[in-house]
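The figures that follow rest on heavy atoms only: side chains count, while hydrogens, waters and symmetry mates do not. The sequence lines fix the lettering, A, B, ..., with proteins before strands; numbering per chain opens at 1.
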Amino acid sequence: MPTSNTLQDHNEEVSFFDMVYQVVRLIPEGRVTSYGAIGSYLGAARSARMVGWAMNNAHHLDPPVPAHRVVNRAGQLTGRAHFNPPERMQELLEAEGVNVTEHQIDHFDTVFWDPSVELSL
DNA sequence: CGATTGACGTACG
DNA sequence: TCGTACGCCAATC
């Protein structure tokens, strides 16, 4: 029996946070996805904010989560400020073959990786 | 303990 | 069609 005796007895799957981490780790190199896409894949399209918030926790996770492959719906590296250093996010993306200009991913529609599509749910 | 924020996105006016 | 408001769940103040 789980340690937590929360009100949610319907915990059939892991927490939303954990699911986010799992999906982010499934992102292949050279591909990126958006917070909303992950949230939508998890069945909560409106919880895009939560996905980003989960990334904050991702920094102390093991193994580390490739948060640099997660950007907003516009393809902008909005979360770069939370990296160390912030420019590290762009460097990591370029190292995987993803070109970034002015914190904006080039050909975002091409490198975009939609979990609900690639995972063929 | 209660209110606000937070790496966004969708819905509504 | 464009602009504004709300929602998601958890953590922080």
S.K.: Return yes if some donor-acceptor pair links the side-chain N/O of A:Ser34 with the main-chain N/O of A:Ala37 below 3.5 Å, else return no.
M.R.: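 Present.
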
S.K.: To the nearest angstrom, how far is A:Asn72 atom CG from C:dC8 atom C1'?
M.R.: 17 Å

S.K.: Between B:dG6, B:dA11, B:dA7, spot the one nearest the side chain of A:Met50, thanks.
M.R.: B:dG6

S.K.: Pick the C1' atom in B:dA7 and in C:dT4, then give their distance to the nearest Å.
M.R.: 22 Å

S.K.: With a non-hydrogen cut-off below 4.0 angstrom, is A:Ser40 in contact with a base, only sugar-phosphate, or nothing?
M.R.: nothing

S.K.: A:His103 has an atom NE2; how far is it from atom P of B:dA7, in whole Å?
M.R.: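 Roughly 16 Å, once rounded to whole Å.
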
S.K.: By nearest atom, which of the nucleotides B:dG9, C:dA10, B:dA7 is closest to the A:Phe83 side chain?
M.R.: B:dA7

S.K.: Under 4.0 Å: is that the gap between some side-chain N or O of A:Arg73 and OP1 or OP2 of B:dT10?
M.R.: yes

S.K.: Of the options A:Met89, A:Gln104, A:Arg80, which is the one that meets A:Val71 in a side chain to side chain contact (heavy atoms under 4.5 Å, CB included)?
M.R.: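 Of the listed options, the one satisfying the test is A:Met89.
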
S.K.: What is the distance, rounded to the nearest whole Å, between atom CE of A:Met19 and atom P of C:dA10?
M.R.: 13 Å

S.K.: Does any donor-acceptor pair link the side chain of A:Arg49 with the base of B:dG9 at a separation under 3.5 Å?
M.R.: no

S.K.: Applying a 4.0 Å non-hydrogen cut-off, can you work out what A:Tyr35 is touching in the nucleic acid: base, sugar-phosphate, or nothing?
M.R.: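 Here A:Tyr35 touches the bases of the nucleic acid.
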
S.K.: Is A:Thr78 close enough to B:dC8 that one of its side-chain N or O atoms is under 4.0 Å from OP1 or OP2 there?
M.R.: yes

S.K.: Between C:dA11 atom C1' and A:His59 atom NE2, what is the distance in whole Å?
M.R.: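 Nearest whole value for this atom pair: 15 Å.
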
S.K.: Between B:dA7, C:dA11, B:dC8, spot the one nearest the side chain of A:Asn56, thanks.
M.R.: B:dA7

S.K.: Do A:Asn57 and A:His60 meet the criterion of a side-chain donor-acceptor pair at a distance under 3.5 Å?
M.R.: yes

S.K.: Let's test your reading of the model: under 3.5 Å, does the base of B:dA7 pair with the side chain of A:His68 as donor and acceptor?
M.R.: no

S.K.: If you measure from CD on A:Glu102 to CD on A:Gln76, what distance do you get to the nearest 0.5 Å?
M.R.: 11.0 Å

S.K.: How long is the line joining CG of A:Asn57 and P of C:dC8, in whole Å?
M.R.: 21 Å

S.K.: In whole angstroms, how far is the C1' atom of B:dG9 from the CZ atom of A:Phe16?
M.R.: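 Answer to the nearest Å: 12 Å.
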
S.K.: Under 4.0 Å, heavy atoms only, any strand: does A:Ala67 hit a base, just the sugar-phosphate, or nothing?
M.R.: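 Base contact.
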
S.K.: Considering only B:dA7, B:dG6, B:dT10, which nucleotide approaches the side chain of A:Ala45 most closely?
M.R.: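 Nearest nucleotide to the side chain: B:dT10.
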
S.K.: Round to the nearest Å and state the distance from A:Ile38 atom CD1 to B:dG9 atom P.
M.R.: 10 Å

S.K.: How many Å lie between CH2 on A:Trp53 and P on B:dT5, as a whole number?
M.R.: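 Atom-to-atom, A:Trp53 to B:dT5, this comes out as 12 Å.
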
S.K.: Around atom CZ of A:Arg25, are there more than 12 heavy atoms from other residues, nucleotides or ligands closer than 6.0 Å?
M.R.: yes

